[in-house]
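What follows is a short report on a single structure.
Note on naming: letters A, B, ... go to the chains in the order of the sequence lines (proteins, then strands), and numbering restarts at 1 for each one. Worth saying up front: this structure is predicted, and the values here are computed from it rather than measured.
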Amino acid sequence: MNIEQILSEKTIEALKTLYGGDVDKVVFERTNPDFAGDFTLVVFNFLKLSKKKPEVTADEIGNYLKTNVAEVADFNVIKGFLNIVISDSYWLNYLNSITNKPFINPELPANAATVMVEYSSPNTNKPLHLGHVRNNLLGYSVAEILKAAGNKVIKTNIVNDRGIHICKSMIAWQKWGNGETPESSVMKGDHLVGKYYVLFDKNYKSQIVDAKLKGMNDEDAEKYAPLMREAQEMLLKWEQGDKQVRELWTMMNGWVYKGFADTYKMMGVDFDKIYYESNTYILGKDIIEDGLAKGVLKRREDNSVYIDLTADGLDEKTLLRSDGTSLYMTQDLGTAAQRYKESHFNKLIFTVGNEQDYHFKVLFLILNKLGYDWAKGLFHLSYGMVELPEGKMKSREGTVVDADDLMAEMIDTATATTKELGKVDGLSDNEANHLYKTIGLGALKYFILKVDPKKKMLFNPAESIDFNGNTAPFIMFNYVRVRALLRKAKDIAGFEPSTSFNNNVTLLPKEKELIIKLHSFTPTLLQATAEFSPALIANYVYDLAKEYSQYYHDTSILKEENKELMYFRLHLSNTIGTAVKSSMLLLGIEVPERM
RNA sequence: GAUCCCAUAGCUCAGCUGGAUAGAGCAACGGUUUUCUAAACCGUAGGCCUUUGGUUCGAAUCCAAAUGGGAUCACCA
């Protein structure tokens, strides 16, 4: 039980003993830095019980706690605020108890819940862009966080490898590609296929303009443009299993997969299971049958199937076309059910942008109405769009920020900055290159993950991502300082981190602050788990690093003459280093040993 | 037309399960290195927390409305 829980329980006890009142929950908060104390209780809510003035009530509770809780060293009262001071020895014992232990238990508990996290889910007609980057980093980090919190996590990716979009690229390549391949053009496969997607769109647009000049209305012009009709025909052939179309499709998708694999590898994300829509798009029809049988779904006169959600404030949703073919929603119903059958997940998290909020609301509602118990475990991890200063990214207008380019730029900047600061002395080329990558990609990942997932975020390509201040390089820098300290401590003072330390030291205010910060690692992890928010971890690790940076600046460690005090400070530094590294790994960010 | 989301320093973001004088970073200005890595540290300046009303002992935080911005509402994915 941590100290806040002890305080909370004892306060409930105090309220009972002193005033005979029953309260089921009491929350302490951190004391405002301007006042003396570690934790604060606001007593206004208990005045009804005590029937006394705030000051008196706070004083009485304070006295009770001081008498009955060994860890409470002192207290003070200001207006209705009861500030509790916890003894140094408690904090020192606490630090000793976590020293040399991992912050994240690598073993899963026996009763671990199974959580499937779906993320990435790209289309195979174009390369990944900044929006996908946010999705990938979020999904990966949330998966790591859930794992750290003791869940068995299955990371999945459903690749949208079929449909009209890929046919557009195929048509364009057939017409204008002259047999170009990733090898012949020395271009990543996903970029090559994306090039033809853009080419298709360009020519398609001009066909629409031509048609409209000939007097056709907008809708018809778009529908009857020769290129679009060719793409539609190709899609039909694909569905019929036409050998040539399938071969072309297999080849071009193969190029894309190779390209995606490189991007994922660079980004440092991975998957336990990859699904392909070409295998799953027919799923869901059995669920429709089930729904019809249960009377939840209805069939229209034209044979199409729908569900009426107007009573839930939503619309009628069609689930099967009149020709019996399935829709996006049908497919999603089917894949969810399939995944439950395969993994018996307790939770299934869909990492998908908030533009699909409505879709998931409907999807979950339907599955619940169909009476599937597992549907209660479905969750849409909805994240905001990444916007540019001029607004939303649009691939057709060429305003997308390409994932590969962005990562390369980040690494270039890291290379230049690192060299400029003269930080590569004594590193081999391999080590230096690894460092540039660690810093550049770390900066990018932190920049994206520190923002609350639910909120939209702005990326300004004109201003490069910072390496100073609230950034990953700053956090890494403080980790590196710890590592350097420990290396030197071993040489100079024979210090071994594996030892324990003497508790007989007087804590500096900043040292106590740092230990309390370490103390909040686990609550923060639990909150991040509950809210699916890597941002909470990012904010936590920045706070910790910042406090440490100040401490490091103001306090001498290796020059401290009292050896026990020096060892204590080294242990504190070491443990902070471990907490920083663990936190960064939860964000999918590696930390270097030197920089 | 309907529904949903958002609004905090010049900029990017924290804070939102109601609590003490609203915090960081960047940008601006000034200072700190014979001392453990200055990608650092310290200081100055910067705010009617969009507006109005309500609930409360107490509201950036909860409720309602207005304004501004975004998204969604296909037999598309």
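- When Watson-Crick and G-U wobble pairs are counted only if both distances are under 3.5 Å, G23(B) pairs with C13(B).
- Closest contact between the side chain of Arg481(A) and the listed nucleotides C41(B), U37(B), C36(B) involves U37(B).
- The side chain of Lys456(A) lies closest to G69(B) when the candidates are A39(B), G69(B), A20(B).
- Within 4.0 Å of Asp466(A), counting heavy atoms only, lie sugar-phosphate atoms of the nucleic acid but no base atom.
- From Thr335(A), atom OG1 reaches atom CG of Leu283(A) across 7.0 Å, with rounding to the nearest 0.5 Å.
- When heavy atoms are screened at a 4.0 angstrom cut-off, Asn123(A) is found touching no nucleic acid atom at all.
- The side chain of Met457(A) lies closest to C13(B), out of A20(B), C13(B), A38(B).
- Residue contacts for Tyr542(A): at a heavy-atom cut-off of 4.0 Å it reaches the sugar-phosphate backbone alone, with no base atom in range.
- For Leu458(A), counting side-chain heavy atoms from C-beta on, the closest listed nucleotide (U37(B), G25(B), U12(B)) is U12(B).
- Once rounded to the nearest 0.5 Å, the distance linking OG1 of Thr417(A) with OH of Tyr436(A) reads 10.5 Å.
- Ring pair Trp238(A)/Trp249(A) is perpendicular by interplanar angle, where above 60° counts as perpendicular and below 30° as parallel.
- For Thr417(A), the listed nucleotide lying nearest its side chain is A39(B); candidates were A20(B), A14(B), A39(B).
- Among the nucleotides U37(B), G19(B), C41(B), the one closest to the side chain of Asn45(A) is G19(B).
- The base of A39(B) lies close enough to the side chain of Thr418(A) for a donor and an acceptor atom to sit less than 3.5 Å apart.
- A 3.5 Å limit on both hydrogen-bonding distances identifies G43(B) as the Watson-Crick or G-U partner of C29(B).
- Using a 4.0 Å cut-off between charged nitrogen and carboxylate oxygen, Lys581(A) and Glu590(A) do not count as a salt-bridge pair.
- At a threshold of 4.0 angstrom between heavy atoms, the contacts of Tyr328(A) include nucleobase atoms, whether or not backbone atoms are also involved.
- Base engagement by Lys455(A) is indicated by at least one non-hydrogen atom pair under 4.0 Å involving a base atom.
- Phe474(A) comes within contact range of the sugar-phosphate backbone alone, with a heavy-atom separation under 4.0 Å but no base atom that close.
- Rounded to an integer number of Å, the gap from Asn468(A) CG to A39(B) C1' is 5 Å.
- Within 4.0 Å (heavy atoms only), Val480(A) reaches at least one base atom of the nucleic acid.
- When the nucleotides U17(B), C41(B), U37(B) are ranked by their closest atom to the side chain of Lys25(A), U17(B) comes out on top.
- Contact of Asp332(A) with A77(B) (side chain to base): no donor-acceptor pair of N or O atoms is detected under 3.5 Å.
- Of the candidate nucleotides C41(B), U37(B), G19(B), G19(B) has the atom nearest to the side chain of Phe81(A).
- Using the Watson-Crick or G-U wobble rule with both distances under 3.5 Å, A2(B) pairs with U72(B).
- Atom OH in Tyr446(A) sits roughly 12 Å away from atom P in C26(B) (whole-Å rounding).
- Counting only heavy atoms from C-beta on, Lys488(A) has its side chain closest to C36(B) among C36(B), A24(B), A77(B).
- Computed from coordinates, the Glu55(A) CD to G19(B) P distance equals 20 Å when rounded to whole Å.
- A cation-pi arrangement, defined by a distance under 6.0 Å to the six-membered ring centre and an angle within 45 degrees of its axis, is absent between Arg162(A) and Tyr276(A).
- The salt bridge (charged side-chain N to carboxylate O under 4.0 Å, His left out) pairs that include a residue from residues 353-366 of chain A are Glu355(A)-Lys392(A), where partners are two or more places apart or lie in different chains.
- Among the protein residues, Ser556(A) comes within range of the nucleic acid bases, having at least one heavy atom under 4.0 Å from a base atom.
- Atom CD of Gln550(A) and atom P of C36(B) are 19 Å apart (whole Å).
- Nucleic acid contact for Leu320(A): none, since no nucleic acid atom lies under 4.0 Å from a heavy atom of the residue.
- Taking the six-membered ring where the residue is Trp, Phe350(A) and Phe364(A) present tilted rings, their angle falling between 30° and 60°.
- At a threshold of 4.0 angstrom between heavy atoms, the contacts of Met595(A) include nucleobase atoms, whether or not backbone atoms are also involved.
- With rounding to whole Å, Leu421(A) atom CG is found 9 Å from A38(B) atom C1'.
- Thr40(A) comes within 4.0 angstrom of a nucleotide base, judged by non-hydrogen atoms across all strands.
- Separating the C1' atom of A64(B) from that of G30(B) is a span of 48 Å, rounded to the nearest Å.
- Using a 4.0 Å heavy-atom cutoff across all strands shown, Asp491(A) reaches no nucleic acid atom at all.
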